[in-house]
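Inspection log for the structure reproduced underneath, given as C-alpha cells.
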Amino acid sequence: MPELPEVETTKRGIAPHIEGQQISRVSIRDFRLRWPIEESLAAWAQDQTIHSVERRSKYLILNLDSGALLIHLGMSGNLRVLFDDPTPNKHDHFDIELSNGTRLRYHDPRRFGAFMHTVEPVEQHALITHLGPEPLTDAFTSDYLYQCSRKRKTKIKTLIMDAKMVVGVGNIYANEALFLAGIYPHKQAGRLTKAEAVALAESIKQVLAKAIEQGGTTLKDFVGGDGKPGYFAQSLNVYGRAGLPCLVCGTLIKEMRTANRSTCYCTQCQPS
DNA sequence: AACGGCACCTGGTCGC
DNA sequence: TGCGACCAGGTGCCGT
C-alpha cells in the first residue's frame, strides 16, 4: 500500500497529536510483524516523550528521549490517532498510548510492516544506512539519476524502484512517473538519454508531490492518520487502467510484468 | 557487483 | 455455495 506519499500523509496526520506527548504505555497484541517485535520494546519506550516525528524513505521515525521508534507500514499497514479506546479490531497489532489520552493504533492485515527501536542515531540503523536520497530533495537530481543509470542493464522501472538509488518510489508511482516522462518501462536503464533523465527525475518529483497534496492514493484500505482516505487515485493515468483508453491519446493501456509486479503503460505515449 | 526471483502473510476476486 | 488459483501498495535475501 503505502509508498512515500502515503507515509508522508500519515506523518502529517499524526504529528500534531503526538509530538510533545509522553508515552504512557505500549500495548502489543501481536508481535508477529515482518520481524518479531522485540520483547523489550514496550518497557523501553514507556514514559519517554515523543519529541518529533520524521519520515525517511517509507519509515516513520518517532524521536524519543533516548533513541527512536521506527515504524514501517509494509504493504497493508496504517496508523491512526484515536481519541478514545475503541475495542481493537482484527489486525490491530499494537497501540502507543499517550499521556493526553490519545493513542496511535497500528493496523496491518498482511503483517509485512515493522515496529523497531534503536538507541543509535537512526541514520546508522542497518535498514536506513544504505538508502538512497529522498526524491523530493535537491539530493535527487536528473544528473544523479543519469549517472546512476550508466552501464546498468536493468530495466528503468526496476532502477527507480530500487531504494539504494532513490527511496519512496513504489509500484504505483513508478508506473505513473514513467508515463508522465514518456518512457517505456522496460527500457534498459543504461540507454536512458540525458533528456529522458531530466524528464524522469522531474516526473518522479511531480507525481509524488501531487500525491502528497491529495493525501495519498487509496486503492483499497489506506487511510491517513486522521482515518480519511487519500484522493490521488482519481489522478492515476496508467496504474490499474489496463484495457482502458489512455487519457492523453486514447490508445488502450497495456499491462506487463516487471520483476513480478504489474506494469501498466501506453504503447503510444511510451514507445519502446 | 549486478541481476532476477522468491519469500513473508492475509484477504479479495475470479473461474469452475 | 465452495474451493483453488491468483493477485495486491514492500523489500530483504538468495542463488547465479
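Just so we're on the same page: letters track the sequence lines, and every chain starts at 1. All values reported here derive from a predicted model rather than from experimental measurement.
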Short side-chain N/O contact to [N] OP1/OP2 from [X], under 4.0 Å:
X: Thr158(A); N: dC3(B); value: no
X: His72(A); N: dT11(C); value: yes
X: Arg111(A); N: dC8(B); value: no
X: Arg257(A); N: dC6(C); value: no
X: Lys151(A); N: dA2(B); value: no
X: Tyr239(A); N: dG9(C); value: yes
X: Lys58(A); N: dG10(C); value: yes
X: Thr154(A); N: dG4(B); value: yes
X: Asn260(A); N: dG5(B); value: no

Rounded off to whole Å, could you give me the [atom1]-to-[atom2] distance for the [X] and [N] pair?
X: Met161(A); N: dC3(B); atom1: CE; atom2: C1'; result: 15 Å
X: Leu159(A); N: dG4(B); atom1: CG; atom2: P; result: 11 Å
X: Leu33(A); N: dT10(B); atom1: CG; atom2: C1'; result: 13 Å
X: Asn78(A); N: dA8(C); atom1: CG; atom2: P; result: 21 Å
X: Leu73(A); N: dC8(B); atom1: CG; atom2: P; result: 22 Å
X: Leu219(A); N: dG9(C); atom1: CG; atom2: P; result: 8 Å
X: Gln188(A); N: dG4(B); atom1: CD; atom2: P; result: 10 Å
X: Met165(A); N: dG10(C); atom1: CE; atom2: C1'; result: 16 Å

Point to revise | Under 3.5 Å: donor-acceptor pair, side chain of Glu6(A), backbone of Gly224(A) | key: no
Practice item. Return yes if a side-chain donor-acceptor contact under 3.5 Å exists between Asn100(A) and Thr102(A), otherwise no. Key: yes
Review point. Does a side chain donor of either His107(A) or Asp92(A) reach within less than 3.5 Å of an acceptor in the other side chain?
Key: yes
Check your understanding: Phe112(A) on top of dC8(B)'s base, within under 5.5 Å and under 30°?
Key -> yes
Check your understanding: Has Phe222(A) got its ring stacked on the base of dG9(C), with centres under 5.5 Å and planes less than 30° apart?
Key -> no
Exercise for review: On DNA chain B, check which nucleotide each of Arg34(A) and His91(A) is closest to and give me the residue with the more 5' one.
Suggested key: Arg34(A)
Revision key, fill the gap. Comparing nearest nucleotides in DNA chain C, the 5'-proximal residue of the pair Ala163(A), Arg110(A) is Arg110(A)
Review point. Taking side chain as C-beta onward, heavy atoms only, is Asn63(A) less than 4.5 Å from Ile50(A)?
Key: no
Review point. Mind checking the P distance from dA5(C) to dA7(B)? Whole angstroms is fine.
Key: 15 Å
Review point. What does Lys90(A) touch in the nucleic acid at a heavy-atom separation under 4.0 angstrom: a base, only the sugar-phosphate, or nothing?
Key: sugar-phosphate
Review point. Quick one: is the NZ or CZ of Arg241(A) closer than 6.0 Å to the six-membered ring centre of Tyr239(A), and within 45° of its axis?
Key: no
Study note, to complete from the structure: Checking dG9(C), dG12(C), dT10(B) against the side chain of Tyr59(A) (C-beta onward), the nearest is dG12(C)
Practice item. Look at the side chain of Arg152(A) and the base of dA2(B), then say whether one donor and one acceptor between them are separated by less than 3.5 Å. Key: no
Exercise for review: Please determine, for dA8(C), whether a Watson-Crick or G-U wobble partner exists with both distances under 3.5 Å, and give it or none.
Suggested key: dT10(B)
Exercise for review: Nearest 0.5 Å please: distance from the OG1 atom of Thr49(A) over to the CD atom of Glu19(A).
Suggested key: 12.0 Å
